[in-house]
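Working notes, beginning with the structure itself.
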Amino acid sequence: MSLYAVFIVAVVFLFKTWKASEQGSLQWAKLMLRMPVVGKATQMNAASRFTRTMSTLLRSGISVLQAMEITSATMDNKILEKKFYEARIEIRKGTTLSKAIRPIKELPPMIYAMVAIGEESGTLDSILDKAADFFEDEADAATSKMTAALEPVMIVIMAIVVGLVIGACGLP
């Protein structure tokens with residue numbers, strides 16, 4: 001039994017080491033965005049975090065460029081963090097926020113329209129705040145779907161574990 005524990009600890013350690021590496025974190029981020037159910041939840045959480053952080057920072061008087069720098073640092077997905085950094089470079093060149101974030105295909109398309117409307121009307125912070133409320137609701141719904149989809153998988157895994165334990169007890 002201790003051999004199994006050593007194996008499990010080794011696998012967990014190797015996974016965490018791989019995920020902490022630059023290449024591993026990028027591959028993990030790409031996987032999290034492309035998985036069918038998990039990807040939707042990841043995208044909605046990123047959209048919600050982006051809109052809420054930008055709204056809060058803009059409302060407190062921070063410039064769009066600084067707000068983008070801070071927001072890119074808050075992303076927990078390396079791919080999105082990289083793309084927001086690239087958008088920040090475009091903003092520095094004089095591009096508007098809506099045009100700078102348009103190449104980020106991992107965000108829902110509604111964000112681009114909301115940001116463009118906010119820029120034109122001069123109410124970017126309040127529009128981003130309303131968008132954040134919407135995306136937080138969407139993130140909650142996506143997380144609920146993800147949890148519901150994982151329940152059958154967990155039941156199968158538990159059945160396998162129970163079967164192994166029963167088989168181990170029955171062998172002697």
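- One distance of note links OG1 of T42 with CD1 of I79; it measures 11.0 Å at 0.5 Å rounding.
- I104 and M32 end up in different hydrophobic clusters when Ile, Leu, Val, Met, Phe, Trp and Tyr side chains are linked at under 4.5 Å.
- Residue pairs meeting the side chain to side chain donor-acceptor pair (under 3.5 Å) criterion with at least one partner in residues 136-154, sequence neighbours excluded, are R52-E136.
- Looking at K130 and S55, their side chains never come closer than 4.5 Å, going by heavy atoms from C-beta outward.
- Annotation: the span from L97 atom CG to L65 atom CG amounts to 10.5 Å, rounded to 0.5 Å.
- Looking at L128 and M114, their side chains never come closer than 4.5 Å, going by heavy atoms from C-beta outward.
- Among all heavy-atom pairs drawn from M68 and I91, the shortest one is CG-CD1, 3.5 Å.
- Few gaps surround CZ on F15; more than 12 heavy atoms of other groups in view lie less than 6.0 Å from it.
- Side-chain atoms of T71 and T74, non-hydrogen and from C-beta on, do get closer than 4.5 Å to each other.
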Side chain to side chain contact (heavy atoms under 4.5 Å, CB included) between F50 and I101, worked out: CA-CA 11 Å; F50 167 73; I101 64 171; 4.1 Å; yes
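- Atom CZ of F134 and atom CE of M110 lie 4.5 Å apart (nearest 0.5 Å).
- Closest of all the heavy-atom pairs between E81 and S72 is CG-O, 3.1 Å.
- You'll find the side chain of D129 reaches within 4.5 Å of the side chain of R59, heavy atoms only.
- The same ILVMFWY cluster, assembled from side-chain heavy atoms under 4.5 Å apart, contains both V156 and L164.
- In the hydrophobic cluster analysis, where Ile, Leu, Val, Met, Phe, Trp and Tyr join through side-chain heavy atoms closer than 4.5 angstrom, Y85 is grouped apart from V64.
- Considering all non-hydrogen atoms of both residues, S48 and A132 come closest at O-CB, 4.3 Å.
- Side-chain atoms of L57 and Q66, non-hydrogen and from C-beta on, never get closer than 4.5 Å to each other.
- Linking ILVMFWY side-chain heavy atoms closer than 4.5 Å, directly or via other members, places M35 and I157 in two distinct hydrophobic clusters.
- Identified under the side chain to side chain donor-acceptor pair (under 3.5 Å) test for residues 5-29, with sequence neighbours left out: W18-Q27.
- The pair K93-E90 meets the salt-bridge criterion, since a charged nitrogen lies less than 4.0 angstrom from a carboxylate oxygen.
- Taking every heavy atom of both residues into account, L107 and Y112 meet most closely at O-OH, 3.4 Å.
- Here OG of S98 is found 12.0 Å from CD1 of I111. Values are rounded to the nearest 0.5 Å.
- Residue L33 holds its CG atom at 13.0 Å from NZ of K40, rounded to the nearest 0.5 Å.
- If you take CZ on F84 and CE on M75, they are separated by 4.5 Å, rounding to the nearest 0.5 Å.
- What you find for T95 and K99 is that their closest heavy atoms are CG2-CB, 3.4 Å.
- Here the rule is side chain to side chain donor-acceptor pair (under 3.5 Å) with E106, and of R34, K83, Q43 only K83 fits it.
- In terms of heavy-atom proximity, I70 sits nearest to I62 at CD1-CD1, 4.4 Å.
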